[in-house]
Number of protein chains: 2
Amino acid sequence: MAKGGKTLGEEALQQVARRFAVLGEPMRLRILQSLMDGELPVNSLVEATGGTQTNVSRHLQTLAAAGLVARRREGAQVFYSVADPSIFELCELVCGGIRKSLAAQAGSLR
Amino acid sequence: MAKGGKTLGEEALQQVARRFAVLGEPMRLRILQSLMDGELPVNSLVEATGGTQTNVSRHLQTLAAAGLVARRREGAQVFYSVADPSIFELCELVCGGIRKSLAAQAGSLR
DNA sequence: CAAGCATATGCGCATATGATCATATTATGA
DNA sequence: TCATAATATGATCATATGCGCATATGCTTG
């Protein structure tokens with residue numbers, strides 16, 4: 001290992017930032033959320049998210065390029081699924097953090 | 001609670017996305033990393049990250065607005081510290097996910 | 001109050017990113 | 001092969017974002 005596990009090298013840091021950035025998009029989160037219960041074809045994702053076909057498709061490319069979702073072709077359809085379950089743990093953690101932030105804010109406003 | 005804990009409402013989703021987006025910046029991650037061992041004044045962060053004073057200050061505003069860092073004034077200096085320790089758990093998780101993605105990639109390239 | 005250090009902010013620039021339209025690609029079936 | 005459905009992609013536009021310069025603000029000390 002290059003580092004003991006504490007400090008990130010510049011390269012790793014870029015990758016971590018990239019992954020956070022990919023997750024930092026409402027539409028992409030909506031897509032991932034829709035995929036929580038299992039794989040879905042693009043048209044279902046379009047319907048589930050309320051986005052346009054073009055846009056959903058683009059975001060799926062972004063997610064796939066980042067290794068967050070996997071593609072599976074079945075006939076004319078393409079099914080996408082979450083490739084990295086840690087995504088949901090991340091969301092849980094973030095939610096918890098947000099709750100704490102709000103609480104702290106509320107406290108300081110008192 | 002509005003939701004059982006599974007699906008996020010639109011509002012919560014925006015907040016989660018926002019938090020991820022704030023973390024999705026290399027310089028901001030560098031700043032947070034520099035703050036891992038405790039609070040630091042801006043000039044130390046400038047030195048530690050290699051950024052300009054202007055830029056570091058700006059990113060600190062962003063981080064503070066998102067509730068990720070806390071401000072403490074001491075004389076002419078302003079000390080910043082990590083306000084939400086879950087940040088580091090997030091980074092750990094992301095690192096793990098990236099390792100897995102890379103491994104999966106390597107496997108599919110074989 | 002003046003001078004000086006530490007930090008923040010208005011402004012402008014360059015680039016990145018998300019959204020949409022039209023069109024291309026890929027696969028199925030008559 | 002032609003028509004059609006499902007998905008992807010090139011081109012374009014509008015906006016967001018990061019960056020740096022200059023300057024403003026806040027605080028301390030003489």
Side-chain angles (χ1 to χ4, degrees), chain A residues 10 13-35 38-83, chain B residues 10 13-35 38-83:
Chain A
E10 182 60 22
L13 190 135
Q14 298 277 347
Q15 288 195 311
V16 173
R18 176 60 189 163
R19 176 151 300 201
F20 277 132
V22 169
L23 291 173
E25 252 296 322
M27 177 59 78
R28 284 197 284 267
L29 286 185
R30 271 191 284 271
I31 291 174
L32 290 172
Q33 194 171 245
S34 302
L35 292 175
E39 65 176 4
L40 285 178
V42 178
N43 60 46
S44 294
L45 289 170
V46 169
E47 194 183 349
T49 61
T52 64
Q53 184 270 320
T54 298
N55 205 27
V56 169
S57 181
R58 263 192 217 296
H59 283 303
L60 284 169
Q61 305 310 308
T62 301
L63 288 166
L68 298 184
V69 300
R71 265 178 61 107
R72 183 177 70 84
R73 181 135 222 163
E74 184 173 319
Q77 290 185 313
V78 175
F79 285 79
Y80 283 88
S81 56
V82 173
Chain B
E10 181 60 21
L13 189 136
Q14 299 277 347
Q15 287 195 312
V16 172
R18 177 61 190 162
R19 177 151 298 199
F20 276 132
V22 169
L23 292 173
E25 252 296 321
M27 176 60 75
R28 284 196 285 267
L29 285 185
R30 271 190 284 271
I31 292 174
L32 290 172
Q33 194 171 244
S34 303
L35 293 175
E39 66 176 6
L40 286 177
V42 178
N43 60 46
S44 295
L45 288 171
V46 169
E47 195 184 347
T49 61
T52 65
Q53 185 271 320
T54 298
N55 204 27
V56 169
S57 181
R58 260 188 220 296
H59 282 303
L60 284 169
Q61 305 311 307
T62 301
L63 288 166
L68 298 184
V69 300
R71 265 179 61 110
R72 182 177 70 86
R73 181 136 223 163
E74 183 172 321
Q77 291 186 311
V78 176
F79 285 79
Y80 283 88
S81 57
V82 173

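Everything numeric in this text was worked out from a predicted model, so none of it was measured. Reminder, nothing fancy here: chain letters follow the sequence lines and each chain counts from 1. Any value given below was found using the heavy atoms of this structure, including those in side chains, with hydrogens, waters and symmetry copies removed.
- Comparing Pro41(A) and Thr52(B) along DNA chain D, the residue whose closest nucleotide (by nearest heavy atom) sits nearer the 5' end is Pro41(A).
- Within residues 66-76 of chain B, the residues having any heavy atom closer than 4.0 Å to DNA chain C are, in order of number, Arg71(B), Ala76(B).
- Of the listed residues (Ile31(A), Val46(A), Leu35(A)), just one forms a side-chain contact (heavy atoms from CB on, under 4.5 Å) with Leu40(A), and that residue is Leu35(A).
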List, one per line, each side-chain donor-acceptor pair under 3.5 Å for residues 14-27 of chain A, sequence neighbours excluded.
from: Gln14(A); atom 1: NE2; to: Glu10(A); atom 2: OE2; distance (Å): 2.9
from: Arg19(A); atom 1: NH1; to: Asp84(A); atom 2: OD2; distance (Å): 3.0
from: Arg19(A); atom 1: NH2; to: Ala66(A); atom 2: O; distance (Å): 3.0
from: Arg19(A); atom 1: NH2; to: Ser101(B); atom 2: OG; distance (Å): 2.9

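- Under the side-chain contact (heavy atoms from CB on, under 4.5 Å) test applied with Tyr80(B), the options Val56(B), Val42(B), Leu63(B), Leu68(B) reduce to a single match, Val42(B).
- Counting to the nearest Å, the C1' atom of dT15(D) and the CE atom of Met27(A) are 17 Å from each other.
- Contact footprint of chain B on DNA chain C: nucleotides with an atom under 4.0 Å from a non-hydrogen protein atom, first to last in 5' to 3' order, dA6(C) to dC11(C).
- Between Asn43(A) and dA5(D), a side-chain N or O to OP1/OP2 separation shorter than 4.0 Å is absent.
- When each of Gln77(B) and Arg18(A) is assigned the nucleotide of DNA chain C bearing its nearest heavy atom, the one mapping closer to the 5' terminus is Gln77(B).
- Closest approach of Ala70(B) and Ala83(B) over heavy atoms only: N-CB, 3.9 Å.
- Heavy atoms of Gln61(B) sit under 4.0 angstrom from primed sugar atoms or phosphate atoms, though from no base atom.
- At the heavy-atom level, Phe79(B) lies nowhere under 4.0 Å from the strands shown.
- Contact detail for Leu13(A) and Arg30(B): the closest heavy-atom pair is CD1-CG, 3.8 Å.
- Between Ser44(B) and Gly24(A), the one whose closest nucleotide on DNA chain C sits nearer the 5' end is Ser44(B).
- At whole-Å resolution of the value, CD in Glu47(A) and P in dT7(D) are 12 Å apart.
- Distance alone, capped at 3.5 Å, places no donor-acceptor pair between the Glu47(B) side chain and the Asn43(B) backbone.
- Using a 4.5 Å cut-off on side-chain heavy atoms (C-beta onward), Arg58(A) and Thr54(A) make contact.
- Side-chain atoms of Thr49(A) come within 3.5 Å of backbone N or O of Leu45(A) as a donor-acceptor pair.
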